Each structure stands twice: as structure tokens, then as C-alpha cells.
Amino acid sequence: MAASDVGLVINEIAAQGDPLDWFELYNSSDAYLALANFVVADDLADPGKRVAFPSELVIPPGGYVQIQLDKDGWPGFALGRDEELGIWTAGGTLVAEVDWDDGQADEGTSYARVPDVTGDFQTVGNPTPGAANQPDN
């Protein structure tokens, strides 16, 4: 399924985050993006698992935001080592997705786009939540 381009980019994920799993979003558009207009899930096939973002989250143009996942709080799930993550409009149109395999997002690493925002996902040993991704040297 092809994602609709609204400027929302899943840029980095930490499936074994400490203390919480997290993912990073980037706004590649020239407008503010209110995340209240979107839902997120760790299952690309089951619409019943989609959860609305907190209403106060807004990403400025060219901005990053780190989203922490609390299985005992919001959104009610965490990420696994062989997992997927999707974001849809509230109306159900897919806008961003990422799927990773066991070993690609282990403890102390992240699965990040390199080059930042536009590149393919790869495992990096230097997670950069809320900032531009850097390749391992």
C-alpha cells in the first residue's frame, strides 16, 4: 500500500528504548502538522489497533518530535524486535510506515533514515531522538 504524502515522515525508531520505546517524526511540509489529525498503530493490518495521538502534539515545518510509547499509558503498546509501525489520517489513509526485522532495532541502537529524512532505514549505534540522524562512522 502506497502512503499518501502529507509531509509526515517516520524518521527513526528505537524498539528497545530505555526507559521507553520511541519513534521520531519529521515534518517535511511547509505547514504546522497537528498530530491530533492522525492515528498510530504497531499493526499495519488491523484498524482496531489504531490509537489517536495526544491533541496537543504539533510539529513545526522542518521540525522533529520524539514520541515515547508506554504500554501501560499512551498509546497502550510498545515496539518489538520484529515489528511494524504505521500512521494514518483520522479518516484511515496511510501516510507513513516502517517495518523492521529482529536485530535491526536492538537495545542501544535505532533504526533510522540515513541520510536524515530522505534515506533508507538502517541500524545505527548512535540514536538521535529529536535531531538529525547521523550515520555510524
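These numbers were taken from a predicted model, which means no experiment stands behind them. Residue numbers run from 1 in the order of the sequence given.
Inter-residue side-chain proximity for Val65 and Phe53 is flagged as unmet; no heavy-atom pair is nearer than 4.5 Å. Side-chain contact between Leu35 and Leu25 is present, with at least one heavy-atom pair separated by less than 4.5 Å. By the 4.5 Å heavy-atom criterion applied to side chains, Leu69 and Pro75 are counted as neighbours. When side chains are defined from C-beta on, Val40 does not count as touching Ile67, because their heavy atoms never get closer than 4.5 Å.
Residues Val114 and Pro135 come closest through the heavy atom pair CG1-CB, 3.7 Å. Shown here for Ile13 and Ile10, the closest heavy-atom pair between the two residues is CG2-CG2, 4.0 Å. Between Ala36 and Ser55, the closest heavy-atom pair is CB-CA, 3.8 Å. Residues Ala15 and Gly80 approach most closely at CB-O, 3.3 Å, considering heavy atoms. Closest approach of Phe77 to Val51, counting heavy atoms only: CE2-CG2, 4.5 Å. Among all heavy-atom pairs drawn from Ala52 and Trp74, the shortest one is O-NE1, 2.9 Å.
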I'd like a table of donor-acceptor pairs (distance under 3.5 Å, sequence neighbours excluded) in which one partner is a side-chain atom from residues 118-126, with atom names and distances.
from: Thr123; atom 1: OG1; to: Gln104; atom 2: O; distance (Å): 2.7

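Under a 3.5 Å cut-off, the side chain of Asn27 and the backbone N or O of Ile59 do form a donor-acceptor pair. Between the side chain of Asp102 and the main chain of Asp82, no donor-acceptor pair closer than 3.5 Å is present. In this structure, the side chain of Asn133 does not engage the main chain of Asp116 through any donor-acceptor pair within 3.5 Å.
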Does Thr93 form a side-chain contact (heavy atoms from CB on, under 4.5 Å) with Phe38? I'd like the steps, not just the answer. CA-CA 9 Å; Thr93 302; Phe38 300 94; over 6 Å; no

Trp100 and Leu79: side-chain contact (heavy atoms from CB on, under 4.5 Å), yes or no, with the steps? CA-CA 10 Å; Trp100 61 96; Leu79 299 174; 4.0 Å; yes

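Hydrophobic cluster membership for Leu20: none, as no Ile, Leu, Val, Met, Phe, Trp or Tyr side chain comes under 4.5 Å of it. Counting Ile, Leu, Val, Met, Phe, Trp and Tyr side chains that sit under 4.5 Å apart, directly or through other members, Tyr26 shares a hydrophobic cluster with Val9, Tyr64, Val117.
With rounding to the nearest 0.5 angstrom, the CG atom of Asn11 is 4.5 Å from the CD atom of Glu24. Between Arg81 atom CZ and Asp101 atom CG the span is 13.5 Å, to the nearest 0.5 Å. The CG atom of Asp21 sits 9.0 Å away from the CD atom of Glu83 when rounded to the nearest 0.5 Å. Note that the CD atom of Glu84 and the CD atom of Glu97 stand 8.0 Å from one another [nearest 0.5 Å].
By the criterion of side-chain heavy atoms lying less than 4.5 angstrom apart, applied directly or through intervening Ile, Leu, Val, Met, Phe, Trp or Tyr residues, Val58 is not grouped with Leu8; the two fall into different hydrophobic clusters.
Side-chain contact annotation: Asp106 with Gln16, donor-acceptor N/O pair under 3.5 Å absent.
The one candidate from Gln134, Glu12, Gln66 that meets the side-chain hydrogen bond (donor to acceptor under 3.5 Å, both in side chains) condition with Thr128 is Glu12.
Within a 6.0 Å radius of CD in Glu56, other residues, nucleotides and ligands contribute more than 12 heavy atoms. The 12-atom threshold is not exceeded at CG of Asp30, counting heavy atoms of other residues, nucleotides or ligands nearer than 6.0 Å.
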